[in-house]
Undergrad: 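Have a look at the structure that comes next, please.
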Amino acid sequence: MDENASPAPDTETARPRALVVACGALARELVALRRATAWPELDIACLPAHWHNRPEKIAPAVRAKVLEARGRYERIYVAYGDCGTGGDLDRALEGTGAERVPGPHCYSFLMGAPEFDATAEAEPGCFYLTDYLARHFDRIVVKGLGLDRHPELLGVYFGNYTRLIHISQTGDPDLRAKAGAAAERLGLAFEHRHRGYGELGDFIRAAAAEAGGGG
């Protein structure tokens, strides 16, 4: 026997390898959840976060990534909301065996769908930031919408909004401060709600348990 060879895995105790195909805006959260669930066998493959501005790219790219991974992973999960695809993402996943976290977008599953729906109904003019968006507000919102070059567009984009809600995952005070500054920049009232990983956390913990361990 080659003494340099790796020992064969214990098939009765080894946890099956799994993949989560995810939006790049959730990369940090998924790495943290992999650590929290003690699930090193979970691989994470992220697609560009800026595709939220081009949702027609999401469904075919996720499907291609899932199909390419079949046969190499026992379980494949998708960490995307519908994200403006109009149902195309779920249709693209039909027959692939991949399981998607439920929800229309990350605001809903990070806050929790019942709370998000109630908030949206009570105050439709809310603008939401996750930790990712608070961290990259200047690049994604200010520069992305051209507000740095055309500040007169602020009222066009945000004139009907009344409140900015920061749905935080980590409770980082620096990110909370950034979100507060973003609300001030947009002329909106500010509210912070710390909700951790919400239903995304529930989804990954359930997947880890299904895979045979982790917490």
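This one's a predicted model, so the numbers in the text were calculated from it and none came from an experiment.
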Undergrad: Over all heavy atoms of both residues, which pair between L175 and A134 is shortest? Give the atoms and the distance, please.
TA: O-CB, 3.9 Å
Undergrad: Taking the side chain as everything from C-beta on, heavy atoms only, tell me whether F137 gets closer than 4.5 Å to L186.
TA: yes
Undergrad: Any non-hydrogen side-chain atom of R17 less than 4.5 Å from a side-chain atom of E74?
TA: no
Undergrad: Test of understanding: with side chain to side chain contact (heavy atoms under 4.5 Å, CB included), list the residues that count as partners of Y161, not counting sequence neighbours.
TA: F127, F158, L188
Undergrad: Are Y128 and H166 close enough that their ring centres sit under 6.0 Å apart?
TA: no
Undergrad: State yes or no: do V142 and L133 share one hydrophobic cluster built from I, L, V, M, F, W and Y residues joined by side-chain heavy-atom distances below 4.5 Å, directly or via other members?
TA: yes
Undergrad: Side-chain donor-acceptor contacts of residues 148-156 below 3.5 Å, not counting sequence neighbours, with atom names and distances?
TA:
unit_1	atom_1	unit_2	atom_2	d
H150	ND1	E152	OE2	3.3

Undergrad: With under 30° as parallel and over 60° as perpendicular, where do the rings of H192 and H194 fit, or are they tilted in between?
TA: parallel
Undergrad: Taking the side chain as everything from C-beta on, heavy atoms only, tell me whether I167 gets closer than 4.5 Å to I165.
TA: yes
Undergrad: Is Y132 linked to V20 within one hydrophobic cluster, defined over Ile, Leu, Val, Met, Phe, Trp and Tyr using a side-chain heavy-atom separation of less than 4.5 Å?
TA: yes
Undergrad: Consider only side-chain N and O atoms of R28 and T170, and report whether a donor and an acceptor are under 3.5 Å apart.
TA: no
Undergrad: Measuring from atom OG of S108 to atom CG of D82, what distance do you get when rounded to the nearest 0.5 angstrom?
TA: 11.0 Å
Undergrad: Tell me which donor-acceptor pairs under 3.5 Å the side chains of residues 58-68 have, and how far apart each pair is, sequence neighbours excluded?
TA:
unit_1	atom_1	unit_2	atom_2	d
R63	NH1	A92	O	2.5
E68	OE1	R72	NH2	3.0
E68	OE2	R72	NH2	3.1

Undergrad: Calculate, to the nearest 0.5 Å, the distance between atoms NZ and CG belonging to K57 and D88 respectively.
TA: 15.5 Å
Undergrad: Atom CG of L200 and atom OH of Y80: how far apart are they, to the nearest 0.5 Å?
TA: 13.0 Å
Undergrad: Do you know the tightest heavy-atom contact between T130 and C106?
TA: CG2-SG, 4.0 Å
Undergrad: Which heavy atom of G81 sits nearest a heavy atom of F109, and at what distance?
TA: N-CE2, 3.7 Å
Undergrad: In the single-linkage hydrophobic clustering (I, L, V, M, F, W, Y; side-chain heavy atoms under 4.5 Å), do F203 and L110 co-cluster?
TA: yes
Undergrad: Look only at the side chain of E199 and the backbone of A113, and say whether a donor-acceptor pair between them is shorter than 3.5 Å.
TA: yes
Undergrad: Which heavy atom of C46 sits nearest to which heavy atom of C23, and what is that distance?
TA: SG-O, 4.1 Å
Undergrad: Hey, mind stepping through L19 and V21 against side-chain contact (heavy atoms from CB on, under 4.5 Å) and telling me if it holds?
TA: CA-CA 6 Å; L19 173 71; V21 178; 3.9 Å; yes
Undergrad: Hydrophobic clusters here meaning ILVMFWY residues chained together by side-chain heavy-atom distances under 4.5 Å, can you tell me if V101 and I76 are in one?
TA: no
Undergrad: I'd like to know if the side chain of R195 reaches the main chain of S168, judged simply by a donor and an acceptor atom lying under 3.5 Å from each other, with no hydrogens or angles considered.
TA: no
Undergrad: Does a salt bridge link E99 with R75, judged by any charged N lying under 4.0 Å from a carboxylate O?
TA: no
Undergrad: State whether a side-chain donor-acceptor pair under 3.5 Å links Y77 with E210.
TA: yes
Undergrad: Should R193 and M111 be marked as a side-chain contact (heavy atoms from CB on, under 4.5 Å) after you check the CA-CA gap, both sets of side-chain angles, and the distance that decides it?
TA: CA-CA 8 Å; R193 300 187 192 181; M111 180 182 283; 3.9 Å; yes
Undergrad: Give a yes or no on whether the backbone of Q169 and the side-chain of D131 come within a donor-acceptor separation of less than 3.5 Å.
TA: yes
Undergrad: Could you measure the distance from the CZ atom of R139 to the NE2 atom of H50? Nearest 0.5 Å is fine.
TA: 8.5 Å
Undergrad: Could you grab the distance from atom NZ of K178 to atom CZ of R185, nearest 0.5 Å is fine?
TA: 13.0 Å
Undergrad: Going by atom types only, do T162 and E123 share a side-chain donor-acceptor pair under 3.5 Å?
TA: yes
Undergrad: Go through R35 and V31 one step at a time and tell me if the side-chain contact (heavy atoms from CB on, under 4.5 Å) criterion holds.
TA: CA-CA 6 Å; R35 185 184 311 116; V31 169; 3.7 Å; yes
Undergrad: When you look at CD of E184, are more than 12 heavy atoms from neighbouring residues, nucleotides or ligands closer to it than 6.0 Å?
TA: no
Undergrad: Enter the distance from L33:CG to Y197:OH here, rounded to the nearest 0.5 Å.
TA: 6.0 Å
Undergrad: Under a 4.5 Å side-chain heavy-atom rule over Ile, Leu, Val, Met, Phe, Trp and Tyr, are L30 and Y107 clustered together?
TA: yes
Undergrad: Between C83 and P55, which heavy-atom pair has the shortest distance, and what is it?
TA: O-CB, 3.5 Å
Undergrad: Could you tell me whether D138 and K143 have a side-chain N and a carboxylate O separated by less than 4.0 Å?
TA: no
Undergrad: What is the minimum heavy-atom distance between I204 and W39, and which atoms define it?
TA: O-CZ3, 3.9 Å
